[in-house]
Amino acid sequence: MKEQGTARAGVEVKVVEVQHRFGDFWALKGASLVAQDGEFLTLLGPSGSGKTSLLRIIGGLLRPTGGRVFIGERDVTSLPARKRNIGFVFQNYALFPHITVFENVAFPLRLRKLSRQEIVAKVKRVLELVELAGLETRYPSELSGGQQQRVALARAIVFEPTVLLMDEPLGSLDKRLRQQLQIELRRLQRELGITTIYVTHDQEEAFSMSDRIAVMRSGEIVQIDSPAKIYRSPADDFIANFVGDLNRFDGSIVQRNASGGLVRTTDGMSFRIPLHNVSGVAKAVICGVRPEHLRIGRKSQVDNCYRGTLSILNFQGSYYRAEINLETGRRLLAEIHSRTESLKEGDEVWVGWDSQDMMVFE
Amino acid sequence: MIAHVTAVGGYLGKQTSWLKTRYPWLGNLVFATLLLAPLLLLLGVFFFYPLAGVAVRSFSEPEAGIENYTRLYSSAVFRDIFRATFAIAAYTTLVCLLLAYPYAYRLSTLPNRWASFLLLLSLVPIWTAILARLYAWTVILGRRGILNDYLIQLGLLNEPAELLFTRTAVMIGMVHIMLPYMIVVLYSTMSTIDRTLLAASDSLGATGFQTFRRVFLPLSMPGVYAGCLLVFIVSLGFFVTPAILGGGGDITIAIYVQREVGVLNWGPASAMSMVLLAVTIVLFFLFNKLFGTERLFSGGIRK
């Protein structure tokens, strides 16, 4: 695509201590982030975490109560959306229902007073890019959800913005189409080199597309990192739980030495933990271990091991999801990717995990 | 009640099962007819039957033939009546639209709470007796009325202006009566316009005016057409307002019909009524033909 001349350099987007208040409710309590030139940054969080408000503030559709927004070197905090040259893809696509696909995509070009030939050429090129050539004369209501999504994307990039903002653009599509479009979006974003900020509450979507993820909770950004880092070393138990399934234990450190520590949980289990990020003894901690790190077998093989009953074994295609009832009454969730032993529901099993796989939060 | 009707529908459906196998839609038709029956009965007895009487009389009185219609077509008097009626209705519609559009637009941008309150305010005239309102206008617009008094006191006029019993007075009264309907129709269309579309237009580089002209205005046009149709058609048949505020200066179709009926001239009155009805039906038909298609305005997203 670069040789066709649609390539453009992205710019850095910087958000400094942005706050927003709706009445008495602080939707944003001071969020700061930097999206680098050409980066795909995702704002991930549950609904009501302020991610859409933050996106709208960056796009100029919402005026922040406090803080500043920079695009490149320029402070755009008080600049209206129309002057920011930002492409925005809305959750419901926001296609104009009274005009055709061609006119929808040509809309930003007409506002920029381009010549007829230029408009026709640019619309044609961008529609080819999103694989919608031939649908120019259709109305939005005559398109499928996926096609509408592509028109919205085409309209948002046709005027060569330096930043692309997307607010859950795949939210209303079915799973298969969503996965396909995730890949396409990512490919397109790389080709265009456009700085992209993407909002979603779906952690799989965030993982599969992003260079970095900013996890948001109640109006604050709680962690910005690469997807792998977010998943493997989440900053707290909320993030750990939000970005993946987690077996969670509340307890306190009862003993520590050079090689690790010992935790006793409130329901009487005890296990070893790595000590790299915990200080002090008798400190309340939250520990967690991901289902894929649990090992199930007929006998003990790992550091922390318990007896239990395999109560549920669900076939998931490439793996099994299992639920194990421990003798203490606790239930553990496990994923079994290789089935070396023929386990079945009701079996007495050993379940355990390497202490290195344990996440510990203070 | 509904259950009862359904039961009856089901019973009838069973009785006609041989028909249903041949015509599967018949059962639904029977059911639909039952639901519509009370209204159809009412309309039949009190509307269609008398209307048929009017239609018959227009061809039969004072003597059989189409003479009532040929006279309407050829006479200059009737041409003036039609012209006055349509001009008043058209201007009333135009003025209503110009006054109501900005008001409804503003309402549609307000939070719901405020919009409902202001909408309610604009509806107050509807709940005031029409005669009370018209006589109030005669007090305001009369030769020795409030408006003339003020204008003379302010030194803008030397002697009272003729305000009452003019076409202007008629139109003031009609706009006053029809304005709430126009506002309601416009607002109900405008309030369904997705605000995200306006935000999208903004993000694509449009100024407020460009967004209005390219997005809001076209999307509000169904309301404009519907509101204009409503106001225009109702205005065509206005009787009381031109009678009281016009003082006989302009003879409209409705006034003519009333006068002819007053002297028991049923034939010409009926013919005039039928023409008015025909015009109304044609307008409705045209409206449906031109703007009845839902496709353009269905909101863009396929469910």
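Letters A, B, ... mirror the listed sequences (proteins, then strands); counts begin at 1.
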A/Phe102 atom CZ, neighbour heavy-atom count above 12 within 6.0 Å: yes
Would you say that more than 12 heavy atoms from the other residues, nucleotides or ligands in this model lie under 6.0 Å from the CZ of A/Arg176, or not? no
Would A/Phe107 and B/Val215 satisfy side-chain contact (heavy atoms from CB on, under 4.5 Å), going step by step from the backbone distance to the final call? CA-CA 10 Å; A/Phe107 190 91; B/Val215 182; 3.8 Å; yes
Could you look at A/Leu61 and say if it's the side chain, the backbone, both or neither that has a heavy atom under 4.5 Å from chain B? side chain
Toward chain A, the part of B/Thr207 with a non-hydrogen atom under 4.5 Å: both
More than 12 heavy atoms of other residues, nucleotides or ligands under 6.0 Å from CZ of B/Arg167: is that the case? yes
Go through the steps for A/Leu111 and B/Arg214 under the test side-chain contact (heavy atoms from CB on, under 4.5 Å), then give the verdict. CA-CA 10 Å; A/Leu111 294 173; B/Arg214 289 170 178 268; 3.8 Å; yes
Pick from B/Leu197, B/Thr196, B/Asp194: which one makes a side-chain contact (heavy atoms from CB on, under 4.5 Å) with A/Phe90? B/Thr196
Could you state the interatomic distance from CZ (A/Arg82) to OG1 (B/Thr211), rounded to the nearest 0.5 Å? 8.5 Å
Please indicate whether A/Arg74 has more than 12 foreign heavy atoms, meaning atoms of other residues, nucleotides or ligands, lying under 6.0 Å from its CZ. no
Does CZ in B/Phe117 sit with more than 12 non-hydrogen atoms of other residues, nucleotides or ligands closer than 6.0 Å? no
Are more than 12 heavy atoms, taken from residues, nucleotides or ligands other than B/Tyr181, located less than 6.0 Å from that residue's OH atom? no
Nearest 0.5 angstrom please: B/Ser203 OG to A/Arg155 CZ, how far? 7.0 Å
Say whether, by atom type as modelled, one donor and one acceptor occur between the side chain of A/His98 and the main chain of B/Phe216 under 3.5 angstrom. no
